[in-house]
Asker: 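I'd like to ask you about the structure that follows.
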Amino acid sequence: MYLEEGFSADYVIIGSGVAGLYTAICLASSGRVAVLSKQDLIAGNTWFAQGGIAAAFSDEDSPTLHLEDTWKAGGCFGQRSAIRVLVEEAPARIQDLLRMGVNFDRRNGNIDLGQEGAHSRKRILHIGGDATGKELLEALLHRARQEGVTFVESAFVERLLLEEGRCRGIVFVKDGHSYYAYARAVILATGGCGQIFKCTTNAPAVTGDGLAMAFQAGAVLRDLEFFQFHPTVFFPPQGKPFLISEAVRGEGARLVNRHGEYFMEKVHPRAELGPRDIVARAILAEQQKTGGPVYLDMRHLGSTYARERFPTIYSRCLEWGLHISRDLIPVSPAAHYLIGGVQVDLDGRTAVENLFAVGEVASTGVHGANRLASNSLLEGLVFGHRVARAAAAIPPDRASQKSGKPEMFQLKASGKEETACRALLEPLQQLMWQHAGLIRHDAGLSLARKQLEQWWPLTGYNYAGVVLNETRNMLTVAAMMVEAAAARRESRGCHYRHDYPESDAGWETKHISFQKSAPLPARPGSMDYPQPHFYRDARNDHNGRQIS
Ligand code: FAD
Ligand code: SIN
């Protein structure tokens, strides 16, 4: 099968969430920017963000306090230089949004700051109550259009084009046809991989494509064993699970078991506002102990305030006949956020020249072993700005003016292969939820590995088509996550091993990474199964100085 037409731009950005759009806006004055999205422009996780954006924005707060909270929530495993960048540049990025006309919620004329778990200060800026993601995305889309950014919707990027080890562009499929695009820089802003799990808060588009593409191109992926599970998700009898924001607990909502007993005080000094992994495991334990559901009690909010502060949650619960100011809402944990990702430097550069990564797909090191709530939208803004600056500095070369078709061979999947891939989705999600979810142990992870190895040859490289590529991408990410989770024989942050429940000092500075060891097959065929590598970070001391 041959590629059809293509196009050249200065910058190709894959993904139209907060990270992709903000980077596009910052790059627009430096050249032609094209943003591609596999579905519509609101397809990723950004649209669904509720709680808000963290930034030190009050007189009682400071970037230093924000840094300490981020570092501690991350199990003291994060990269302090990256956290420093995040918290120090946060207020400037919020000012950019204000200049853009983003309408953060206000109280008595001042920006209203919310509280979330593991934050020592109120520092969460929100929009439309609990509609932060939707409102933010609409504002960014509006601005990007004003700046002349080109959008290509329903364009599924299948792979990155490489020439002499450099990233030169992409291959994408749209309406069943394959196309190429050349650029001086390609920016991955494809989000995380929550869809590899059966129970997730993530949008259907979030299938780990950027992670797998980066791996195939030779980039380094790291910290994939760290995946955050959100404690409070409402699972309606039918339909998609729905997040009940941590901001609700920030406003005093309590967790209660089937006997009407509050239990979080016994578990953590900050009770409902303890770290997410601890709250999530406590809910599971309480469900098992009592043999019944755990509920979120937010009745104290009262109807008027609940509707005003949390309009989305209020109306979504009402769809199922539940009044949050009158009824208890059953909640359970679900897969929420990928902490690890494509390893990047402080300007979003990956190990592949001219390839950048930003947002949830990237591993900047800010989240350590567990993310502090509301630091993710912020990461997209802060590092999007830095990626744009670094990408703009790449001199134009022949690549972005190039027009000839790239030489490559792709095979169109047969109907039988597509059916086999479709049939794989549910068992894969179930396998990952059961054995690589909130609580892991050696026996389960070994079982998962065995199954993934069996499935591995089902998907191959150089095949065209969305279903085949998505399944291959999910399998690739799942295999790396299982390998990393099996290798890290300790518990740290959101990686919890039932058979190794304590943190082990020997692992304190140790990271697990993946980089492909063999060239990809030139003809359609299977890739090598990913193997973990280990490296140590120079230890950060408490002031962020490197001490070894
Ligand atoms: P996304 O917004 O997920 O966008 C990914 C984009 O990549 C999409 O446009 C998608 O179409 C595109 N894409 C993917 N693969 C391909 C491909 N192969 N080809 C072409 N396009 C592709 N964080 C906070 O900080 N505060 C919050 O309040 C908050 N609330 C959340 C609530 C929910 C329910 C969820 C799920 C997450 C929440 N998070 C929150 C996390 C945060 O929303 C995400 O981490 C963040 O929005 C990710 O942004 P992104 O731009 O990296 O990716
Ligand atoms: C939430 O509103 O609880 C989600 C916030 C986040 O994931 O950062």
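Just so you know, these numbers use all the heavy atoms, side chains as well, and skip hydrogens, waters and symmetry mates. In what follows, residues are counted from 1 in the order of the sequence shown. As the structure lists them, so they are numbered: ligands from 1, and atoms in each ligand from 1.
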Asker: Taking only heavy atoms of Asn202, which atoms of ligand 1 are found under 4.0 Å from at least one of them?
Answerer: 36 (C)
Asker: Write out the residue and atom name of the closest protein heavy atom to atom 8 (O) of ligand 2, then the distance separating them to 0.1 Å.
Answerer: Ser374 N, 2.7 Å
Asker: Looking only at N/O atoms, are Thr46 and ligand 1 under 3.5 Å apart anywhere?
Answerer: yes
Asker: Where is the nearest protein heavy atom to atom 37 (C) of ligand 1: which residue, which atom, and how far?
Answerer: His336 CE1, 3.4 Å
Asker: Which option wins on minimum heavy-atom distance to atom 1 (P) of ligand 1: Leu378, Asn45, Ile53?
Answerer: Asn45
Asker: Inspect the surroundings of NZ in Lys122 and state if more than 12 heavy atoms from other residues, nucleotides or ligands are less than 6.0 Å away.
Answerer: no
Asker: To the nearest 0.1 Å, how far is atom 41 (C) of ligand 1 from its closest protein heavy atom, and which atom is that?
Answerer: Ser376 OG, 3.8 Å
Asker: Using a 4.0 Å cutoff against the non-hydrogen atoms of Ile14, which atoms of ligand 1 qualify?
Answerer: 19 (N), 20 (C), 21 (N)
Asker: Ignoring hydrogens and angles, tell me if any N or O in the side chain of Arg249 forms a donor-acceptor pair with the backbone of Glu272 under 3.5 Å.
Answerer: yes
Asker: Give a yes/no on ligand 1: does Val361 have at least one heavy atom closer than 4.0 angstrom to it?
Answerer: no
Asker: What part of Tyr337, side chain from CB on, backbone N/CA/C/O, both or neither, has a heavy atom under 4.0 Å from ligand 1?
Answerer: side chain
Asker: For Phe356, is the NZ or CZ atom of Arg349 found under 6.0 angstrom from the centre of its six-membered ring and inside 45 degrees of the ring axis?
Answerer: no
Asker: Starting from atom 51 (O) of ligand 1, what is the nearest protein heavy atom, named by residue and atom, and what distance separates them?
Answerer: Ala19 N, 3.0 Å
Asker: Are any of the heavy atoms in Gln228 under 4.0 Å away from ligand 2?
Answerer: no
Asker: Against ligand 2, does Ser376 come closer than 4.0 Å with any heavy atom?
Answerer: no
Asker: Please work out, at 4.0 Å between heavy atoms, whether the side chain, the backbone, both, or neither of Leu41 comes within that distance of ligand 1.
Answerer: neither
Asker: Are side-chain N/O atoms of Thr312 and Asp130 paired as donor and acceptor at under 3.5 Å?
Answerer: yes
Asker: Indicate whether any N or O donor in one side chain lies under 3.5 Å from an N or O acceptor in the other, for Asn370 and Gln228.
Answerer: yes
Asker: Mark the output for Gly52 as yes if a heavy-atom distance to ligand 1 is under 4.0 Å, and as no if none is.
Answerer: yes
Asker: Does only the side chain of His230 get under 4.0 Å from ligand 1, or the backbone, or both, or neither? Count heavy atoms.
Answerer: neither
Asker: State the atoms of ligand 1, each with its element, that fall below the 4.0 Å cut-off from a heavy-atom position in Ala155.
Answerer: 19 (N), 20 (C)
Asker: Which ligand 1 atoms does Phe48 reach within 4.0 Å, using its non-hydrogen atoms?
Answerer: 32 (C), 33 (C), 34 (C)
Asker: Is it the case that ligand 2 has an N or O less than 3.5 angstrom from some N or O of Ser245?
Answerer: yes
Asker: Suppose we measure from atom 48 (C) of ligand 1 to each protein heavy atom; which comes out shortest, and what is that distance?
Answerer: Glu360 OE1, 3.8 Å
Asker: Should Gly133 be listed as contacting ligand 1, given a heavy-atom distance under 4.0 Å as the test?
Answerer: no
Asker: What do you reckon, are the aromatic ring centroids of Phe197 and Phe227 less than 6.0 Å apart?
Answerer: yes
Asker: Starting from atom 15 (N) of ligand 1, which protein heavy atom do you reach first, and at what distance in Å?
Answerer: Asp209 OD2, 3.2 Å
Asker: Could you say whether the N/O atoms of Met213 and ligand 1 ever approach to under 3.5 Å?
Answerer: no
Asker: So, is the end of the Arg316 side chain (NZ or CZ) under 6.0 Å from the ring centre of Phe242 and within 45° of the ring's axis?
Answerer: yes
Asker: Looking only at protein heavy atoms, identify the closest one to atom 14 (C) of ligand 1 and say how far it is in Å.
Answerer: Thr190 O, 3.4 Å
Asker: Between Leu377 and ligand 2, which residue portion shows a heavy-atom distance shorter than 4.0 Å: side chain, backbone, both, or neither?
Answerer: neither
Asker: Looking at ligand 2, does Arg276 have a heavy atom less than 4.0 Å from it?
Answerer: yes
Asker: Looking only at heavy atoms of Thr132, does any of them come nearer than 4.0 Å to an atom of ligand 1?
Answerer: no
Asker: Indicate the atoms forming the closest heavy-atom contact of Ala391 with Tyr11, along with that distance.
Answerer: O-CE2, 3.5 Å
Asker: I'd like to check whether Gly51 has a polar contact with ligand 1, where a contact means an N/O of the residue lying under 3.5 Å from an N/O of the ligand.
Answerer: yes
Asker: Give me the residue, atom name and distance of the protein heavy atom closest to atom 19 (N) of ligand 1.
Answerer: Val157 N, 2.9 Å
Asker: Does Asp297 use its side chain to pair, donor to acceptor, with the backbone of Arg254 at less than 3.5 Å?
Answerer: no
Asker: With backbone taken as N, CA, C and O and side chain as the heavy atoms from C-beta onward, which portion of Leu243 lies under 4.0 Å from ligand 1: side chain, backbone, both, or neither?
Answerer: side chain
Asker: Does even one non-hydrogen atom of Arg159 get within less than 4.0 Å of ligand 1?
Answerer: no
Asker: Would Asn473 and Thr207 count as a side-chain hydrogen bond (donor to acceptor under 3.5 Å, both in side chains) here? Give the steps.
Answerer: CA-CA 7 Å; Asn473 294 340; Thr207 55; 5.6 Å; no
Asker: Identify, for atom 10 (C) of ligand 1, the protein heavy atom at the shortest distance, and state residue, atom and that distance.
Answerer: Ser37 OG, 4.0 Å
Asker: Is the shortest N/O to N/O distance between Ile244 and ligand 2 below 3.5 Å?
Answerer: no
Asker: Which is it for Ala54 and ligand 1 at heavy atoms under 4.0 Å: side chain, backbone, both or neither?
Answerer: neither
